[in-house]
S.K.: 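Dumping the structure here so I can ask a few things about it.
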Amino acid sequence: MNQDYIKPDNWSIIEEGFDLERVKSSESLFSIGNGAMGQRANFEEFYSGNTFQGSYIAGIYYPDKTKVGWWKNGYPEYFAKVLNAPVWIGILIEINGESLDMAACKIANFRRELNMKEGWYNRSFSATLNNGIEIDVNVRRFLSLDLDELGVIKYEITPKNNDATIVFKPYLDAGVHNEDANWEEKFWEPLETQHKNNEAFVVARTFKTHFEVATYMHNSIYINNENQNAEPTFVDTTSDKVIFTYEQLVSKGQTVAFQKLGGYTVSMNHSSAELIPAAQNVIQQGLALGYDTLLQNQIDSWAKIWEMSDITIDGDVKAQQGIRFNIFQLNQTYLGKDSRLNIGPKGFTGEKYGGSTYWDTEAYCIPFYMATKDQQVARNLLAYRYNQLDKAIENAEKLGFKNGAALYPMVTMNGEECHNEWEITFEEIHRNGAIAFAVFNYYRFTGDYSYIPEKGLEVLIGIARFWHQRATFSTYRNQYVILGVTGPNEYENNVNNNFYTNYIAKWCIDYTIEQIEKVKQEYASDFDRIMSKVKLEPTEILHWKKVADHMYFPYSEEHDVYLQQDGFLDKELVKVHDLDKSQRPINQKWSWDRILRSPYIKQADTLQGFYFFEDHFTREQLEKHFDFYEPFTVHESSLSPCVHSIQAANLGRMEQAYTFYLRTSRLDLDDYNKEVEEGLHITSMAGTWMSIVEGFGGMRVKNDTLHFEPRIPKDWNGYSFKINFRNQILKVSVHQNETNFTLEGETAISVYVNGKEVLVEPDSLVTV
């Protein structure tokens with residue numbers, strides 16, 4: 001049974017009623033972020049119950065020494081931790097001498113809301129303390145999109161049955177720890193504390209990586225909207241903490257509002273000497289605007305995001321809520337402003353997995369950002385990998401590869417591999433293919449070829465060199481094989497000839513050779529520069545071509561399908577529907593040994609290849625492979641349901657496609673994998689967007705033209721989405737009996753709908 005406490009709503013995530021057992025899950029679901037920093041939905045006041053505290057800053061990490069594998073040659077020495085950052089939200093509260101603690105008093109009328117349309121988080125409740133005082137509380141919090149170093153809290157308390165002396169103790173605390181620290185080390189070294197009037201600053205530095213961060217706050221108190229010009233009555237400081245004390249007498253029925261501005265300035269953006277002055281500048285900007293204007297600016301900024309990225313669904317509130325939750329979290333995590341940043345699988349919602357960059361970015365996220373933002377955002381994501389090419393070459397050299405072969409990391413913060421599981425670090429090499437595919441996909445969608453001669457070709461050459469060296473010639477087969485790998489299905493390790501890995505390796509080599517020739521013919525100066533730099537000779541290309549042309553792909557004549565890997569048919573092929581439900585999810589019920597020997601597939605693997613290279617196969621081949629592999633797929637990866645939804649829709653199996661869509665869109669809201677308290681699955685949320693646009697909408701780019709095969713679930717009245725295609729915005733509205741197109745641009749474009757060409761003029765409605 002999945003969780004089912006989030007109220008259906010078109011624009012908000014809503015929880016009603018306080019349940020101690022739901023706190024950690026809700027801390028994930030109600031997380032907020034602005035691309036530069038993020039915050040789990042922890043309570044501002046003290047909470048003695050079970051909680052997972054988490055504040056995060058983009059790009060800040062710690063190289064936690066790995067506990068396993070460090071004695072093996074080539075093994076990463078560390079696992080990059082997403083750091084729990086110093087606390088800025090904290091406000092201890094005492095009412096008539098008793099601490100406000102939701103785990104220790106009577107709570108009624110509890111409600112919290114994440115308003116996705118406007119970009120704020122609100123929590124309200126009534127509390128009866130043990131001393132008999134009854135209060136109403138309302139707390140609103142948001143992280144400014146415009147001033148992305150600024151967070152805002154408005155904490156309101158109304159005594160209901162008596163006058164009350166309310167003590168607010170706002171604090172900053174750099175003495176934090178990570179839930180997933182390997183050695184229980186502290187990651188932050190305190191450097192300095194400062195305070196003056198209502199402002200305070202704690203400067204801390206990460207050990208080893210030496211990122212410096214100033215955590216700051218400014219506090220003010222209002223009664224019935226009038227500023228009390230309060231000053232702290234007491235200040236307590238330690239080397240890593242500052243606590244202010246404010247005392248306020250509040251009459252019965254009056255509302256006191258404690259407003260706290262806070263956040264981070266970081267050494268990635270400011271010199272060490274300027275961290276506190278920069279924080280003071282942010283405070284002054286926030287104060288000059290005031291709470292109401294800051295909130296309105298937040299609403300306006302989110303309106304601009306939604307204007308382009310929203311997907312509407314008519315007739316299915318849960319489906320609508322799901323897709324907007326996914327789009328909202330993607331935009332909270334990454335807005336494309338800073339090419340040094342990327343999209344971590346947990347975003348700003350948790351620590352699990354570590355690192356900030358996986359192959360998820362190239363395989364799932366880039367299509368979303370290409371279509372919903374300016375193409376420069378997607379180009380920045382490609383540039384991120386180019387900027388780390390030297391590190392990818394170093395990663396390959398550590399494993400014995402030569403001559404500029406590049407192995408991009410499975411997990412990274414700075415381009416260096418930092419994953420700590422050998423079967424992933426050394427074997428899940430298909431990630432190289434996703435990075436090359438993203439270069440191809442970017443050009444296919446945007447028509448911007450300039451990236452390839454400027455940067456992309458060097459990346460492709462490094463990847464092709466890796467595949468050439470990683471393949472082994474089998475005299476037995478008289479073909480090239482790739483041994484000892486893990487495919488996208490991480491429930492098989494150290495297998496030989498994973499179909500997807502072999503196929504994308506061949507494609508990478510072929511595509512790279514094509515681009516070398518194109519750049520040679522059309523960008524001669526870039527070609528000369530690149531060849532001089534990488535020292536690529538024609539004879540080396542011939543060796544690549546030999547590998548690509550003679551790559552082995554395991555195949556079953558009996559089943560008429562490509563095999564996921566050489567030994568797949570040796571398994572006991574018991575389908576998922578014959579597996580006792582008490583055994584699910586198997587990754588929480590079975591030993592790893594049992595999982596590895598089972599036929600169960602964590603996520604699309606062979607079918608991932610059919611998704612990427614759809615035009616290489618017939619629909620009949622897709623159907624045959626889908627019918628063979630999907631019954632063995634347990635979908636215990638967040639990346640799995642979206643690919644299956646797209647392919648089911650492509651096959652016209654709309655009921656199945658819709659089921660997979662709901663699973664991907666509400667994966668976290670309904671906690672399908674029973675792990676949401678650890679954080680959200682951010683990168684897979686882009687797959688939810690793809691499920692509608694590429695699955696139901698059937699959108700493809702073929703020969704520089706948009707193609708659609710619109711389909712609609714039977715219970716929907718309609719749905720719509722927008723695509724920024726080559727700097728013109730096309731809106732697609734699909735209904736049960738027709739599809740409408742409108743174009744925001746200056747030049748008419750042709751699209752194909754179910755194979756028929758349709759001309760769409762600017763500012764006109766076309767119905768098909």
Side-chain angles (χ1 to χ4, degrees), residues 1-33 39-44 47 49-52 102 106-127 136-142 156 295 298-299 302 306 310-332 349 638 641 658-659 661-682 685 688-689 691-692 713 715-717 719:
M1 179 70 180
N2 302 319
Q3 71 181 17
D4 187 25
Y5 69 86
I6 299 301
K7 305 298 180 186
D9 187 271
N10 284 326
W11 276 109
S12 288
I13 307 303
I14 298 169
E15 175 185 7
E16 294 177 346
F18 185 59
D19 185 338
L20 294 167
E21 299 301 316
R22 297 199 302 237
V23 168
K24 290 175 70 174
S25 292
S26 291
E27 286 174 340
S28 295
L29 294 175
F30 291 83
S31 294
I32 55 175
Q39 175 65 54
R40 284 174 63 86
N42 308 128
F43 302 148
E44 288 83 358
Y47 180 67
N50 197 13
T51 178
F52 177 5
M102 291 185 64
K106 183 179 179 182
I107 301 296
N109 305 317
F110 180 86
R111 185 182 190 274
R112 58 172 139 195
E113 175 182 0
L114 182 63
N115 187 303
M116 300 180 290
K117 185 176 184 179
E118 299 184 349
W120 48 260
Y121 162 60
N122 204 91
R123 175 171 59 105
S124 60
F125 60 93
S126 300
D136 286 335
V137 176
N138 190 80
V139 191
R140 181 161 296 187
R141 182 161 82 205
F142 60 92
E156 296 177 301
L295 180 59
Q298 182 79 346
I299 294 169
W302 273 104
W306 286 115
D310 190 23
I311 289 180
T312 68
I313 296 174
D314 181 11
D316 189 338
V317 175
K318 281 199 166 187
Q320 177 69 86
Q321 184 180 45
I323 186 59
R324 282 184 173 145
F325 181 67
N326 285 246
I327 294 170
F328 179 71
Q329 293 294 348
L330 283 163
N331 279 288
Q332 288 203 123
T349 71
S638 63
Y658 175 72
T659 298
Y661 164 76
L662 271 189
R663 178 157 184 164
T664 184
S665 68
R666 299 190 64 86
L667 178 76
D668 291 320
L669 291 174
D670 296 343
D671 198 11
Y672 274 90
N673 290 343
K674 299 177 173 42
E675 58 184 10
V676 74
E677 65 181 35
E678 298 173 342
L680 306 178
H681 297 84
I682 300 298
M685 292 178 172
T688 303
W689 178 90
S691 296
I692 290 183
D715 294 330
W716 292 7
N717 299 320
Y719 64 94

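It should be emphasised that the depicted structure is a prediction, and the values quoted were computed from it without experimental measurement.
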S.K.: Quick one: pull up CD in Q321 and CZ in R666 and give me the separation to the nearest 0.5 Å.
M.R.: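 With rounding to 0.5 Å, CD (Q321) is 4.5 Å from CZ (R666).
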
S.K.: So which atom in Q332 and which in S31 form the shortest heavy-atom distance, rounded to 0.1 Å?
M.R.: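 Residues Q332 and S31, closest heavy atoms: NE2-O, 3.2 Å.
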
S.K.: Out of E44, E15, E113, which residue meets the side chain to side chain donor-acceptor pair (under 3.5 Å) rule with R123?
M.R.: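 Running side chain to side chain donor-acceptor pair (under 3.5 Å) over E44, E15, E113 with R123 returns exactly one hit, E44.
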
S.K.: Does a side chain donor of either T688 or S665 reach within less than 3.5 Å of an acceptor in the other side chain?
M.R.: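 No, no side-chain donor-acceptor pair sits under 3.5 Å.
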
S.K.: What residue among I13, I313, D9, T312 forms side-chain contact (heavy atoms from CB on, under 4.5 Å) with R324?
M.R.: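 Single pass found, and it is T312.
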
S.K.: What is the minimum heavy-atom distance between Q298 and G119, and which atoms define it?
M.R.: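 Closest heavy-atom pair between Q298 and G119: NE2-O, 3.0 Å.
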
S.K.: Search all heavy atoms of L29 against all heavy atoms of Q3 and return the closest pair with its distance.
M.R.: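 The answer is CD1-NE2, 3.7 Å.
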
S.K.: Going through the distances and angles, do N122 and N138 end up as a side chain to side chain contact (heavy atoms under 4.5 Å, CB included)?
M.R.: CA-CA 7 Å; N122 204 91; N138 190 80; 2.9 Å; yes

S.K.: If you define the side chain from C-beta out and look only at heavy atoms, does anything of Q320 sit under 4.5 Å from D316?
M.R.: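 The answer is no, as the side chains (C-beta and beyond) never meet within the 4.5 Å cut-off.
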
S.K.: Enter the distance from T349:OG1 to F52:CZ here, rounded to the nearest 0.5 Å.
M.R.: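 The distance works out to 8.5 Å.
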
S.K.: Taking atom CD1 of I32 and atom CG of N115, what is their separation to the nearest 0.5 Å?
M.R.: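 Output value for this atom pair is 12.0 Å.
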
S.K.: Taking the side chain as every heavy atom from C-beta outward, state whether F110 and D19 have any atom pair closer than 4.5 Å.
M.R.: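 With C-beta onward as the side chain, the pair stays apart.
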
S.K.: Can you say whether the rings of F43 and Y47 are parallel (under 30°), tilted (30 to 60°) or perpendicular (over 60°)?
M.R.: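 The rings of F43 and Y47 stand perpendicular, inter-plane angle above 60°.
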
S.K.: Report the residue from R140, R112, R141 that forms a side chain to side chain donor-acceptor pair (under 3.5 Å) with Y121.
M.R.: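 It is R112; the other options fail the test.
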
S.K.: Can you find a pair of side-chain heavy atoms, one from L667 and one from N673, that are under 4.5 Å apart?
M.R.: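 Counting from C-beta outward, L667 and N673 do come under 4.5 Å.
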
S.K.: Heavy atoms only: give me the nearest S26-A41 pair and the separation to one decimal.
M.R.: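 What the structure gives for the nearest pair is O-CB, 3.8 Å.
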
S.K.: Report yes if the side chains of W689 and N326 come closer than 4.5 Å at any heavy-atom pair, otherwise no.
M.R.: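 W689 vs N326: side chains apart.
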
S.K.: Roughly how far, to the nearest 0.5 Å, is OH of Y5 from CG of D671?
M.R.: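 The CG atom of D671 sits 8.0 Å away from the OH atom of Y5.
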
S.K.: So which heavy atom on F325 is nearest to which on M685, and how close?
M.R.: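 Smallest interatomic distance, heavy atoms only, reads CE2-CE, 3.8 Å.
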
S.K.: Let me confirm one number: the CZ-CG distance from F328 to L114, rounded to the nearest 0.5 Å.
M.R.: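 Between atom CZ of F328 and atom CG of L114 there are 4.5 Å.
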
S.K.: Can you name the nearest heavy-atom pair linking V676 to S25, along with the distance?
M.R.: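 Smallest heavy-atom distance, with atoms named: CG1-OG, 3.5 Å.
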
S.K.: Looking at D4 and K318, is there a salt bridge between them, counting it only when a charged N and a carboxylate O are closer than 4.0 Å?
M.R.: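 So K318 pairs with D4 through a salt bridge.
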
S.K.: To the nearest 0.5 Å, what is the distance between CD1 (I311) and CD1 (I323)?
M.R.: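 Answer rounded to 0.5 Å: 4.5 Å.
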
